[in-house]
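Note on naming: letters A, B, ... go to the chains in the order of the sequence lines (proteins, then strands), and numbering restarts at 1 for each one. In what follows, every heavy atom counts, from backbone to side chain, and hydrogens, waters and symmetry copies are set aside.
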There are 2 protein chains.
Amino acid sequence: MTAAPTVYDVAERAGVSIATVSRVYRTPDSVRASTRERVLAAARELGYVPSGNARGLASRSTGVIGLCFPDYGDPAADTEDDDTAMLYSDQIIRGMERAARRHGYALLIAASLKGGAAGLVAKVAGRVDGFAVMARTVPTEELEVISRRMPVVMLAGPREGTAFLDHLDHIEVANEDGQHELTRHLLVDHGVRRPAYIGTIEQSPDVQARFDGFRLACREAGVETGDEPALRLGRLTQEEGARAAARLCESPGELPDAFVFANDQTAVGALRELERRGLSVPDDVIVTGFDGIPLSRLVRPALTTVRQPMVRMGEEATELLVRRLSSKGEGEPVSRVLPVSVARRASCGCTETTPTL
Amino acid sequence: MTAAPTVYDVAERAGVSIATVSRVYRTPDSVRASTRERVLAAARELGYVPSGNARGLASRSTGVIGLCFPDYGDPAADTEDDDTAMLYSDQIIRGMERAARRHGYALLIAASLKGGAAGLVAKVAGRVDGFAVMARTVPTEELEVISRRMPVVMLAGPREGTAFLDHLDHIEVANEDGQHELTRHLLVDHGVRRPAYIGTIEQSPDVQARFDGFRLACREAGVETGDEPALRLGRLTQEEGARAAARLCESPGELPDAFVFANDQTAVGALRELERRGLSVPDDVIVTGFDGIPLSRLVRPALTTVRQPMVRMGEEATELLVRRLSSKGEGEPVSRVLPVSVARRASCGCTETTPTL
DNA sequence: ATGAAAGCGCTAACAT
DNA sequence: ATGTTAGCGCTTTCAT
């Protein structure tokens, strides 16, 4: 690896000053065409590439926005299925990148390490003009400090917990609305009367909002529910979902006519357990999820769920950042709620849509 | 947005020199514990975050690796399906990021803009310690120049064309082997005798290698094929695939007993066209693809195809880069070929595997 | 263990 | 239209 040429090398070779070289890259029109050509030629011959670091340092801007996301451990999915299971973070990344590209920004992504997110923010923050953070990724305190220096937008993904710093921009999805609509569908269109909600132990805002939507729908339909979910799970995994289904089946009294899960993973786990027990979905019991992960389409019966627009969330995050960047961060904090949509599939008794061709 | 505090601010507040502040962040052990605490405290109070740019400039390294990928236009998939369709680039990104994380690197991603990739490399190269490039993303010439200054690894994704710069590290998948194995399966296990290969007009190395694998299998099985694919397509899209199927159905003579497509998209298009014509897959004709995109599982019949390990490719890319970086780029260029695996599904007459639960 | 000072490669006034 | 000259915020010898 040879030492990289600098503006000085190019300038000397082209017989101009370094300022001219700089101009050729920043404002080509401010340089006479013939001069520009000479500079460009010299640069090409030398293999010159402007140092992003030096530029960033001198101009106080990088042309890069960032994303911090949690270390999702290894995807719960079997390795076989590795590339089918698209994680939230992947979708958000895609959305952010796409929008960033349109605005001429590149995207820097970094996940917290399993151990601690120590230094994650610092690492990213030091190299970008602004960034998005998936909730629960970094300590609130760190964000507090950094958001005074650059735009930060909080992404309330699924299963989050942190109280939001109220001066940050913030994007979330309509958890309550989605669960409400889905539940109403079960109650009104499928005549469900004894739905069981399966939530989590630690009440994250998202899961709480979903439960609220569930209860509201029940109340509206005159269906009785307690103030508590039928069950609370420690983690929202397939295993836990399967165990939840087992518990519900074995508990005394009448079997609920619908298992309403707080996410898709657990619902899929339940599907498996119910099949093992020889129970039919949706005939014996309806099962629904939340999130709309790809797997929800693949399972049989296909899972009725609430789809979250994660790609869109990424795009919105970028748009928000770019706007802040061009307005120097002025203006009130924005809080945006993205709409969700209910996917009515076979697990609630709706006709399954044909796979897209 | 307040002006960001610098080492000077922290140093002053902590009553030390800027060198000490710097040491606290780079080599904490070289600073007395009490001093370190004072510095850290001052930093916290001030909301100090080290400037990645300044660090990079002074130390000539960024702790970031990059990825340049092509602008895949908007995904062919319907918007509805947006989050189900995981692109290659997404998978490579995931793989690279995962591995990068393990080595303490962050990942900078940037796609070429539709128009031209002008400046893409420069933009990325200026901000990273090394990077990967998906084939056909940037002009060979630019890479030539840059690879003299930092590690660059070429990712021969699907449908590529550029001749490889032979001094770059390079990762590709076993296209020929995969197509060979798939074809042999059709010939030997399903008794196919008149397979038709559908390739592309511009012979990219990947597609060429696949065709070579196809021919080899045919030769071995004593099945006659020409030196040319039955059909060459302009673009590997679903539309083109559907048109190809139509052409093959309408051409005089016996219908081929298998359509062997160069990728999944086209195969899926063919599936649709065949269904429209009332032909049964695999009874009337077998259809196979190549790539193993998620959609290939979702269609009915599920598509038999060759799965490419794109996530793995991303991981390998990072590993290669990291190795080069720690060895200062010494050593011969590496060229790695990743194994692929055949997914036998319904479209060739194999029992369809139950969707993963 | 800590400090002083010289850059790192560029941009951004300010001249000319 | 082009050149001069300070920095930008850090790391890195070299001293102490």
Look at all strands and tell whether [X] reaches a base, only sugar-phosphate, or nothing, counting heavy atoms closer than 4.0 Å.
| X | result |
| --- | --- |
| B:Val21 | nothing |
| B:Tyr25 | nothing |
| A:Thr6 | sugar-phosphate |
| B:Arg60 | sugar-phosphate |

Exercise for the section: Tell me whether the OP1 or OP2 atom of D:dT2 has a side-chain N or O from A:Thr35 closer than 4.0 Å. Expected result: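 Indeed, a polar side-chain atom of A:Thr35 lies that close.
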Exercise for the section: Compare side-chain N and O positions of B:Thr20 against OP1 and OP2 of C:dG3 and report whether any pair is under 4.0 Å apart. Expected result: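 Yes.
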Distance in angstrom units between [X] [atom1] and [N] [atom2], rounded:
| X | N | atom1 | atom2 | answer |
| --- | --- | --- | --- | --- |
| A:Tyr48 | C:dC8 | OH | C1' | 13 Å |
| B:Arg38 | C:dT2 | CZ | C1' | 11 Å |
| A:Asp9 | C:dG9 | CG | P | 9 Å |
| B:Arg36 | C:dA1 | CZ | P | 10 Å |
| B:Arg55 | D:dT11 | CZ | P | 5 Å |
| B:Ile18 | D:dG9 | CD1 | C1' | 8 Å |
| A:Asn53 | D:dG9 | CG | C1' | 11 Å |

Are [X] and [Y] packed together at the side-chain level, in the sense that at least one heavy-atom pair is separated by less than 4.5 angstrom?
| X | Y | value |
| --- | --- | --- |
| B:Val31 | B:Thr20 | yes |
| B:Val153 | B:Leu168 | no |
| A:Phe131 | A:Leu108 | no |
| B:Met150 | B:Asp129 | no |

Among [options], the one nearest [X] by side-chain distance:
| X | options | result |
| --- | --- | --- |
| B:Ala19 | D:dT12, D:dG9, C:dT2 | D:dT12 |
| A:Arg26 | D:dG9, C:dT11, D:dT11 | C:dT11 |
| B:Ser17 | C:dC10, D:dG9, C:dA4 | C:dA4 |
| B:Arg32 | C:dT2, C:dG9, C:dT11 | C:dT2 |
| B:Leu57 | C:dC8, D:dG3, D:dC10 | C:dC8 |
| B:Ala58 | D:dG9, C:dG3, D:dT5 | D:dG9 |
| B:Arg23 | D:dC8, C:dT2, D:dT11 | C:dT2 |

Exercise for the section: Map B:Tyr8 and A:Pro5 onto DNA chain C by nearest heavy atom, then report which one ends up closer to the 5' terminus. Expected result: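 Of the two residues, B:Tyr8 wins.
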Handout entry: Flag for A:Asn53-A:Arg127: side-chain donor and acceptor within less than 3.5 Å
Key =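 Note: A:Arg127 and A:Asn53 side chains meet the donor-acceptor criterion.
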Exercise for the section: Assess the pair B:Tyr8 and B:Tyr48: is the distance between their ring centroids shorter than 6.0 Å? Expected result: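 Distance test on ring centres: not under 6.0 Å, no.
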